[in-house]
Amino acid sequence: AMRYAQQAEKEVAGLGYPRVRAENKNYTGIIYRNLGNYAKAMECFVEARAIAERYAYKREEGYALNNIGDIYKYQRKFAEAQSFSMQALKIFKQMPDSAGMYYCCIRLGEIAQSLSNYPEAHRFYQSAIMYSASFRNEVWEAGALNRIGQVYRQQGTYPKALQAFYAALA
């Protein structure tokens, strides 16, 4: 995957398509993140954001901000993570972009859950379900339901956890 991303970067660099460059930087950053190379991922996301801001590509800027928030979440820098993901959510709400709002709500729910702020985590996951329903993505809805089940499990509310887990399977 990395080889293809690097090849794509070389091909689009000279074509003069900054939106594609910003998208590619976000995708390359995700690959680095998944490989555990957070420093390199952060470089890609910061560059994607800079390109997006320069050309006023709000969607790509939102994804870059949310991805930066994700890196901070992995580094357990939750205040920074929350700040970047909230900035992204604001952008996606202004557009509106339901997929972007879904991803931000999932990220913000994960941050709240990591901080044991279960009511806030639940609220963000419920919002994610609403956004996933707006474009009928049952897989994403199931993912949010699973996260709600995890919140209930962490609180020791096992009947509600099971209910959420079963709903995700339906």
Student: Within a strict 4.5 Å, meaning less than it, do heavy atoms of the Ser98 and Met101 side chains meet?
Tutor: yes
Student: Taking all non-hydrogen atoms of both residues, which atom of Gly149 and which atom of Phe165 are closest, and how far apart?
Tutor: C-CZ, 3.4 Å
Student: Does any part of the side chain of Glu60, heavy atoms only, come nearer than 4.5 Å to the side chain of Ile51, both counted from C-beta?
Tutor: no
Student: Looking at Ile148, is its backbone amide N or carbonyl O close enough to the side chain of Tyr125 to form a donor-acceptor pair, meaning the two atoms are under 3.5 Å apart?
Tutor: no
Student: Are Asn26 and Phe45 side-chain neighbours, meaning at least one heavy-atom pair lies under 4.5 Å?
Tutor: yes
Student: Is the shortest distance from a Lys or Arg side-chain nitrogen in Arg21 or Glu47 to a carboxylate oxygen in the other one below 4.0 Å?
Tutor: yes
Student: Let me confirm one number: the SG-CG distance from Cys44 to Asn24, rounded to the nearest 0.5 Å.
Tutor: 8.5 Å
Student: Would you give the length of the straight line joining atom CG of Asn66 to atom CG of Leu108, rounded to the nearest 0.5 angstrom?
Tutor: 7.0 Å
Student: Should we say atom CD of Gln87 is surrounded by more than 12 heavy atoms from elsewhere, each under 6.0 Å from it?
Tutor: yes
Student: Measure across Phe78 and Lys73 and return the closest heavy-atom pair with its distance rounded to 0.1 Å.
Tutor: CE2-O, 3.8 Å
Student: Specify the closest pair of heavy atoms between Arg153 and Ala161, including all atoms of both residues, with the distance to one decimal.
Tutor: N-CB, 3.7 Å
Student: Verify side-chain contact (heavy atoms from CB on, under 4.5 Å) between Gln82 and Tyr72, making sure each step is shown before the conclusion.
Tutor: CA-CA 9 Å; Gln82 186 176 39; Tyr72 282 126; over 6 Å; no
Student: Any sub-3.5 Å donor-acceptor pair from Ser134's side-chain atoms to Tyr131's backbone N or O?
Tutor: yes
Student: Rounded to the nearest 0.5 Å, what separates atom CD1 in Ile91 from atom CG in Leu65?
Tutor: 5.0 Å
Student: In the structure I gave you, are the side-chain heavy atoms of Gln150 and Gln113 within less than 4.5 Å of one another anywhere?
Tutor: yes
Student: Identify the two heavy atoms, one from Ala121 and one from Ala112, that lie closest to each other, and give their separation to 0.1 Å.
Tutor: N-CB, 3.6 Å
Student: Could you tell me the separation between the CE atom of Met130 and the CD atom of Glu141, rounded to the nearest 0.5 Å?
Tutor: 12.0 Å
Student: Assign the ring pair Trp140 / Phe135 to parallel, tilted or perpendicular, where the plane angle (0 to 90°) is split at 30° and 60°.
Tutor: perpendicular
Student: Applying the side-chain contact (heavy atoms from CB on, under 4.5 Å) criterion to Arg33, which one of Asn37, Ile30, Leu35 satisfies it?
Tutor: Ile30
Student: In this structure, are over 12 heavy atoms from other groups packed under 6.0 Å from Glu138 atom CD?
Tutor: no
Student: Is any side-chain heavy atom of Glu23 closer than 4.5 Å to one of Arg59?
Tutor: yes
Student: How far does CG of Leu89 sit from CG of Asp97, to the nearest 0.5 angstrom?
Tutor: 10.5 Å
Student: Per the side-chain hydrogen bond (donor to acceptor under 3.5 Å, both in side chains) rule, which among Lys160, Gln163, His122 passes with Tyr152?
Tutor: His122
Student: For Ala52 and Ala22, which heavy atoms make the closest approach, and how far apart are they?
Tutor: N-CB, 4.4 Å
Student: Do Gln126 and Ile129 touch side chain to side chain, with heavy atoms closer than 4.5 Å?
Tutor: yes
Student: Measure the CD-CZ distance between Glu110 and Arg147 for me, rounded to the nearest 0.5 Å.
Tutor: 4.5 Å
Student: Take the angle between the ring planes of Tyr103 and Tyr63 and call it parallel below 30°, perpendicular above 60°, tilted in between.
Tutor: perpendicular
Student: Could you pull out the closest heavy-atom pair between Cys104 and Ser85, with the gap in Å?
Tutor: SG-O, 3.8 Å
